[in-house]
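Reviewing the structure listed below.
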Amino acid sequence: MTEPKEGSGADRWRDNNLRRLNELKARGINPFPYKFERTHTSKQLQEKYKDLEANVETEDVVSVCGRILNERNSWMFVDLYDEDGKIQLFFHKESVPAEQLEILKSLVAKGDHIGVTGTIRRTKAGELSVRVKSFEILSVALLPLPLSWDGFTDVEARYRNRHVDLIINPEVKEKLQKRSIAIRALRNFLDERGFFEVETPVLQVEAGGADARPFVTHHNALDIDLFMRIATELHLKRLIIGGFEKVYEIGRIFRNEGISTRHNPEFTMMELYQAYGDYHQLMDFTEEMVRHVANAVCGTTKITYQGVEIDFGKAWRRVSMYEVIREVTGIEVEKIKDFDEAKKIAGELGIKLEYEATIGEVANTIFENKCESTLMQPTFLMDHPVEISPLTKVHRAKPGVVERFEVFIYGREHCNGYSELTDPLDQRGRLEDQARKREAGNEEAQPLDLDFIEAMEYGMPPTMGIGIGIDRLVMLLTDSASIRDIIAFPTMKPHARQ
RNA sequence: GCGCCCGUAGCUCAGUGGUAGAGCACUCGGCUUUUAACCGAUUGGUCGUGCGUUCGAAUCGCACCGGGCGCACCA
């Protein structure tokens with residue numbers, strides 16, 4: 001938000017509120033006191049008195065507090081909002097001391113926090129209310145809230161002033177609360193199964209574990225550039241090598257790439273690794289885990305996302321990438337002999353390949369362009385080309401592919417899991433291939449992390465591992481079209497202050 | 001990075017070449033005292049920024065800033 005301008009409406013508004021503030025101080029009232037003892041939240045009262053009939057008055061004394069967002073009938077009725085909802089306050093001149101009523105009407109405004117004590121009643125109109133006997137100001141607001149009938153809808157203003165957005169638009173808080181519930185459910189699920197939650201470095205000398213461009217930062221004392229992590233994978237595997245058998249990390253990942261409704265430069269990923277398991281076991285585990293989270297957030301495993309019913313409850317389809325390509329395009333990747341033929345086939349589909357690629361890379365491009373968007377229901381897309389999977393064990397039976405899966409829902413990738421590559425010699429060769437691609441100009445190819453390779457040479461047990469994009473999962477569970485709707489403070493370009 | 005669209009009062013929006021407007025909010029007043037989302041009055045704007053075109057620009061042109069959506073990249 002821009003600073004209030006000289007003489008502007010906001011400025012005058014603030015002046016009025018400053019006068020209000022000073023008058024309170026002059027009367028010996030602290031406009032910013034230290035605490036308030038409440039007996040109930042609005043939600044607790046609504047629940048406790050849900051059967052109280054209209055026009056019935058009780059002797060029950062309660063104390064509630066919150067922010068005033070609306071007032072009717074010259075402050076006879078006030079809507080008080082707390083974290084869980086709202087409760088109506090009833091200020092009647094026969095109940096509230098005259099001096100307090102005068103303060104309410106002249107020195108309290110919408111946006112202020114107050115605490116009240118009074119008795120419970122339900123009005124003739126059916127609204128549960130507190131008949132106020134006394135109140136105190138808990139905080140005075142200097143700036144106006146956008147309390148218009150038409151709401152507060154300007155997307156930019158909402159993201160830049162999320163605190164205001166939260167006050168005005170209840171669904172914002174609901175979604176962020178659901179995000180918290182989802183992460184808690186995930187933790188509970190893993191903790192109950194004997195996983196340790198661990199923390200690995202955000203600042204790294206080499207940013208590996210994924211194909212993405214990192215953010216660069218600088219350490220002054222060491223005088224070296226460091227990269228912000230793009231994945232937690234390599235360090236978590238080093239913990240497996242070190243003897244942890246079940247670990248996970250829920251952490252912020254940073255990728256220096258485009259911003260869109262599905263991408264924020266910093267986002268949250270959960271990665272878990274379990275020794276002695278393979279990707280088949282991991283798929284069973286993943287289904288169960290996502291169902292657990294969906295139940296915790298939505299109370300069901302059948303949800304609606306952007307008008308499409310998504311059913312986590314049924315067994316998720318498990319299908320290989322090449323099978324999906326065959327279904328959608330009729331192309332049999334296994335029968336492609338060389339790159340020239342692959343290039344020709346891609347060209348017929350309208351896909352241009354700008355660099356010399358392998359057959360596997362072409363197949364992946366075909367999948368991304370033609371097949372990805374068709375996978376609406378939860379699907380394990382399995383057995384990717386080895387060239388695009390440098391950290392994954394080769395398939396035990398099929399040549400040229402690896403034991404990997406990605407979970408697609410609503411045509412979007414949500415998880416990436418595999419039978420982890422544990423052969424250090426194979427791993428060295430794969431990362432050397434990646435390093436060559438980097439030298440050839442592919443900035444997303446993975447770096448050669450020699451510390452990681454050396455760690456593997458101490459011996460790594462068979463391991464299954466998966467990364468889940470928490471933001472995208474929460475988008476699904478809250479039916480959010482944009483990733484910004486489930487991130488409290490999404491990345492924004494700074495707006496020049498005037 | 002590319003394309004399309006958007007930026008006018010605190011909020012939501014009209015105004016498309018000729019005196020900057022409305023509703024809500026705010027301030028003041030009235031009426032009412034178990035619903036007022038009422039009535040009246042006042043107040044509030046470098047029309048995102050800059051440079052042009054023009055007798056005259058919120059309006060037309062160019063550039064820039066910020067945003068939305070789509071594409072690309074990617075998760």
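The basis for the numbers below is simple: all heavy atoms, side chains too, and nothing from hydrogens, waters or symmetry mates. Predicted model only: the values in this text are computed from it and were never measured. In what follows, chains carry the letters A, B, and so on, assigned in the order in which the sequence lines appear, proteins first and then strands, with residues in each chain numbered from 1.
Here A:Lys393 does not pair with A:Glu403 in a salt bridge; the nearest charged N to carboxylate O distance is not below 4.0 Å.
At the heavy-atom level, A:Gly258 lies under 4.0 Å from base atoms of the strands shown. Nucleic acid contact class of A:Ser74 (heavy atoms, under 4.0 Å, all strands): base. When heavy atoms are screened at a 4.0 angstrom cut-off, A:Phe152 is found touching the sugar-phosphate backbone but no base atom. Here A:Asn16 lies in heavy-atom contact (under 4.0 Å) with sugar-phosphate atoms only. Contact annotation for A:Asn264: base contact, defined as any heavy-atom pair under 4.0 Å involving a base atom. Within the 4.0 angstrom heavy-atom criterion, only backbone atoms of the sugar-phosphate kind lie near A:Asp154; the bases stay farther away. Residue A:Asp211 is classed as a sugar-phosphate contact, given heavy-atom separations below 4.0 Å to backbone atoms only. Residue A:Lys110 is classed as a sugar-phosphate contact, given heavy-atom separations below 4.0 Å to backbone atoms only. Here A:Arg213 lies out of heavy-atom contact (under 4.0 Å) with every strand.
When the shell of 6.0 Å around CD of A:Glu53 is examined, it contains 12 or fewer heavy atoms from other residues, nucleotides or ligands. Other residues, nucleotides and ligands contribute more than 12 heavy atoms inside 6.0 Å of the CZ atom of A:Arg318.
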Within the sub-3.5 Å range, which N or O atoms of nucleotides 21-23 of chain B have a protein N or O partner, and how far apart are they?
none

Could you list the protein-to-nucleotides 68-70 of chain B atom pairs, N/O on both sides, closer than 3.5 Å?
{"residue": "B:G68", "atom": "OP1", "partner": "A:Arg484", "partner atom": "NE", "Å": "3.4"}
{"residue": "B:G68", "atom": "OP1", "partner": "A:Arg484", "partner atom": "NH1", "Å": "3.4"}
{"residue": "B:C69", "atom": "OP2", "partner": "A:Arg484", "partner atom": "NH1", "Å": "3.1"}
{"residue": "B:G70", "atom": "OP2", "partner": "A:Thr261", "partner atom": "OG1", "Å": "3.3"}

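B:U27 atom P lies 13 Å from atom CG of A:Leu18, rounded to whole Å. Taking atom CZ on A:Arg122 and atom P on B:U35, their separation rounds to 15 Å, with Å as the unit. A:Glu71 places its CD atom 17 Å from the P atom of B:U32, with the value rounded to the nearest Å. Remark: P of B:A25 and CD1 of A:Ile167 are 18 Å apart, rounded to the nearest angstrom. Whole-Å rounding puts the A:Leu69 CG to B:C11 C1' distance at 14 Å. If you measure from atom CG of A:Asn17 to atom P of B:G10, you get 15 Å, rounded to the nearest angstrom. Remark: P of B:G30 and NZ of A:Lys105 are 12 Å apart, rounded to the nearest angstrom. Note: CZ (A:Arg412) to C1' (B:C71) measures 15 Å, nearest angstrom.
When the nucleotides B:U35, B:A75, B:G67 are ranked by their closest atom to the side chain of A:Glu257, B:A75 comes out on top. Distances were taken from every side-chain heavy atom of A:Glu413 (C-beta onward) to each of B:U34, B:U12, B:A75; the shortest belongs to B:A75. The side chain of A:Arg255 has B:A75 as its nearest neighbour among B:U35, B:G67, B:A75.
Taking side-chain N and O atoms only, A:Arg472 has no distance below 4.0 Å to OP1 or OP2 of B:A75.
Contact of the A:Pro390 side chain with the A:Gln434 side chain is registered, since non-hydrogen atoms from C-beta on lie closer than 4.5 Å.
Across all strands shown, B:G70 is found opposite B:C2 as a Watson-Crick or G-U wobble partner, with both distances under 3.5 Å. Remark: B:A63 base-pairs with B:U49. Criterion, Watson-Crick or G-U wobble with two distances under 3.5 Å.
Between A:Arg229 and the choices A:Glu271, A:Glu199, A:Glu249, the salt bridge (charged side-chain N to carboxylate O under 4.0 Å, His left out) rule is met once, by A:Glu249.
Judged by the 6.0 Å distance and 45° axis criteria, A:Arg317 is not positioned over the aromatic ring of A:Phe380.
Applying the side chain to side chain donor-acceptor pair (under 3.5 Å) rule to A:Glu174 yields no partners; only residues at least two apart in sequence or on another chain are considered.
Relative ring orientation between A:Phe285 and A:Phe189 is described as perpendicular, the plane-to-plane angle rising above 60° on a 0-90° scale split at 30° and 60°.
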